[in-house]
Amino acid sequence: MNDVCEQISRGASIIAYAGPDAFSSSAPDLAILNSQYCLTSADQIDAINQSDWFKEQAEKLAQDGNTRILSWNFFTGYRHILSKTPIETPDDLNGVQIRVADSPAAIAFVKALGCSPVVTNWNEVYSSISTNIVTACEAPLATLYSSSLQEVAQYCTLTNHLVSTGMMVIPVDIFASMPEEYQNILLEAVYQAGVDFLTAKLPKKYAIRLKQVVYFFMLLTCFFMLYLSIVISSQGFLKVSAYFRIPYFYKYISVAIGFACMIVHTLRYLALSFRAPEDFFNRIAQGGLPGLDDKETDKQEVKKT
């Protein structure tokens, strides 16, 4: 990434994503935004964007580094520590070989914790942990998971030690050569992309379907447990029926009735979850079990009026 930023400073026709610490020669103070516990929440990003300090740093980067910041509001997650051994207290970090980025702040941070920092490329982390060159690393959860590092290190300590952010940059002269109208369009589009990136969620319909799948399996689990309880209780029925000389086939009738009732109720709630998912799950969250008769009652009351 530093190579790309260097090309941008030389005027290459590139729009790139970069971390705040990628401009140590032209705007070194920006690196503090990528230091541990500087920010405590992604909600603070906009406030810093609008601060006089950030505007001064952006101007300094433009003058000394020929780099125009289009927007610094890309939040990539909170960084945590993944390790091969459990970390329950700060003392557990003493002597731990941990992979860090080539950043003065990152190196100083892990040293202060008692760790031994090892600087490697990210694409070497998996093999480094596998071969015990390092026994820990730190990154956002999404990055750790997408790199399959949970396969080689099983302990994740949720430290939230860094709000990981980035910015989109472009050479100053390239940006200045654009008509003002296009400049505004570009600035607005990049800023909105950062907002969307920060607040990205599953589309509503997929979130609802996910809830339905989860609830369906919950119902199946309950159904199975209830069925087992009936089967077990039927053993007691056998003893009672033998004592009172009740025909044996009544056992199967009772089990069949219980089985049928559970199927009916399962299908009723599942049908309602698909017919009115938002209302259904809201009522479930409030501790109620809605019935299919609710809407039918409402319809009858409307007809009466």
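The figures here come from the full heavy-atom set of this structure, side chains too, leaving out hydrogens, waters and symmetry mates.
Atom CD of E188 has 12 or fewer neighbouring heavy atoms from other residues, nucleotides or ligands inside a 6.0 Å radius. Heavy atoms of other residues, nucleotides or ligands lying less than 6.0 angstrom from CD1 of I185 number more than 12. Atom OH of Y37 is surrounded by more than 12 heavy atoms from other residues, nucleotides or ligands within 6.0 Å.
The CD atom of Q57 sits 11.0 Å away from the CD atom of E59 when rounded to the nearest 0.5 Å. Here the OH atom belonging to Y182 is positioned 12.5 Å from the OG atom belonging to S177, to the nearest 0.5 angstrom. The CG atom of D92 sits 11.0 Å away from atom CD1 of I81, with the distance rounded to the nearest 0.5 Å. Between T165 atom OG1 and Q44 atom CD the span is 11.0 Å, to the nearest 0.5 Å. Note that CD of E138 is 10.5 Å distant from CG of L113, once rounded to the nearest 0.5 Å. Atoms CD1 and CG, on I8 and D3 in that order, are 11.5 Å from each other to the nearest 0.5 Å.
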#### Entry: Step-by-step side chain to side chain contact (heavy atoms under 4.5 Å, CB included) determination, L61 to L30
CA-CA 9 Å; L61 181 60; L30 276 175; 4.1 Å; yes
### Task
Tell me, with the steps shown, if I98 and V134 meet side chain to side chain contact (heavy atoms under 4.5 Å, CB included).
CA-CA 5 Å; I98 184 170; V134 298; over 6 Å; no
### Message
Between M178 and L186, does the side chain to side chain contact (heavy atoms under 4.5 Å, CB included) criterion hold? Intermediate values first, please.
### Response
CA-CA 10 Å; M178 301 170 64; L186 181 60; 4.1 Å; yes
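Y17 and I15 end up in the same hydrophobic cluster when Ile, Leu, Val, Met, Phe, Trp and Tyr side chains are linked at under 4.5 Å. In the hydrophobic cluster analysis, where Ile, Leu, Val, Met, Phe, Trp and Tyr join through side-chain heavy atoms closer than 4.5 angstrom, V169 is grouped apart from V172. Residue L149 is not grouped with residue V110 when hydrophobic side chains (ILVMFWY) are merged at heavy-atom distances under 4.5 angstrom, including chains of intermediate members. V125 and I133 fall within a single hydrophobic cluster, where Ile, Leu, Val, Met, Phe, Trp and Tyr side chains are chained together by heavy-atom contacts under 4.5 Å. Linking Ile, Leu, Val, Met, Phe, Trp and Tyr residues whenever their side-chain heavy atoms come within less than 4.5 Å places L187 and V190 in a single cluster.
Put simply, the side chain of T143 never gets that close to the backbone of A139: no donor and acceptor are under 3.5 Å apart. In terms of modelled atom types and a separation under 3.5 Å, the side chain of T157 and the main chain of T159 share no donor-acceptor contact.
Applying the ring pair (Phe, Tyr, Trp, His ring centres under 6.0 Å) test to residues at least two apart or on different chains, the pairs with a partner in residues 96-123 are F109-H161. Screening residues 98-110 for side-chain hydrogen bond (donor to acceptor under 3.5 Å, both in side chains) gives no qualifying pairs among residues at least two apart or on separate chains. For residues 24-36, the side-chain hydrogen bond (donor to acceptor under 3.5 Å, both in side chains) pairs, not counting sequence neighbours, are D21-N34. Each ring pair (Phe, Tyr, Trp, His ring centres under 6.0 Å) pair with one or both residues in residues 39-63, not counting sequence neighbours, appears once here: F54-W72.
The minimum heavy-atom distance linking Y78 with A42 is given by the pair OH-N, 3.2 Å. Nearest heavy atoms, A101 versus A106: O-CB, 4.2 Å. Annotation for A136 and V96: closest pair CB-CG1, 3.7 Å, computed over non-hydrogen atoms. In this structure, I87 and S83 approach most closely via the heavy-atom pair CD1-OG, 3.6 Å.
Not counting sequence neighbours, the partners of L141 by the side-chain contact (heavy atoms from CB on, under 4.5 Å) test are H80, L144, C156, L158. Every residue two or more places apart in sequence or in another chain that forms a side-chain contact (heavy atoms from CB on, under 4.5 Å) with A153 is listed here: L82, K84, I129. Legend: residues meeting salt bridge (Lys or Arg N to Asp or Glu O under 4.0 Å) with K111, ordered by chain and number and at least two apart, are absent. A12 pairs by the side-chain contact (heavy atoms from CB on, under 4.5 Å) definition with Q7, I14, not counting sequence neighbours. Partners of F175 under the ring-ring contact (aromatic ring centres under 6.0 Å, His included) rule, at least two apart in sequence or in another chain, do not exist in this structure. Taking Y126 as the reference, E151 meet the side chain to side chain donor-acceptor pair (under 3.5 Å) condition, with sequence neighbours excluded. N73 meets the side-chain contact (heavy atoms from CB on, under 4.5 Å) test with I45, N49, S71, Y191, V195; sequence neighbours excluded.
Put simply, the side chain of V100 does not reach to within 4.5 Å of the side chain of V118, judged on heavy atoms. Counting heavy atoms from C-beta on, the side chains of M168 and F74 come closer than 4.5 Å. For the pair Y155/Q150, no side-chain contact is recorded, criterion being any heavy-atom separation below 4.5 Å from C-beta on. Side-chain contact between P171 and R68 is absent, with no heavy-atom pair separated by less than 4.5 Å.
When only modelled atom types and interatomic distance are considered, S164 and T76 share a side-chain donor-acceptor pair under 3.5 Å. Looking at Q97 and T135, their side chains never bring a donor and an acceptor atom within 3.5 Å of each other.
The existence of a salt bridge linking K60 and E56 is excluded, since no basic side-chain nitrogen approaches an acidic carboxylate oxygen closer than 4.0 Å.
In this structure, L162 stands alone, with no Ile, Leu, Val, Met, Phe, Trp or Tyr side-chain heavy atom under 4.5 Å from its own, directly or through other members.
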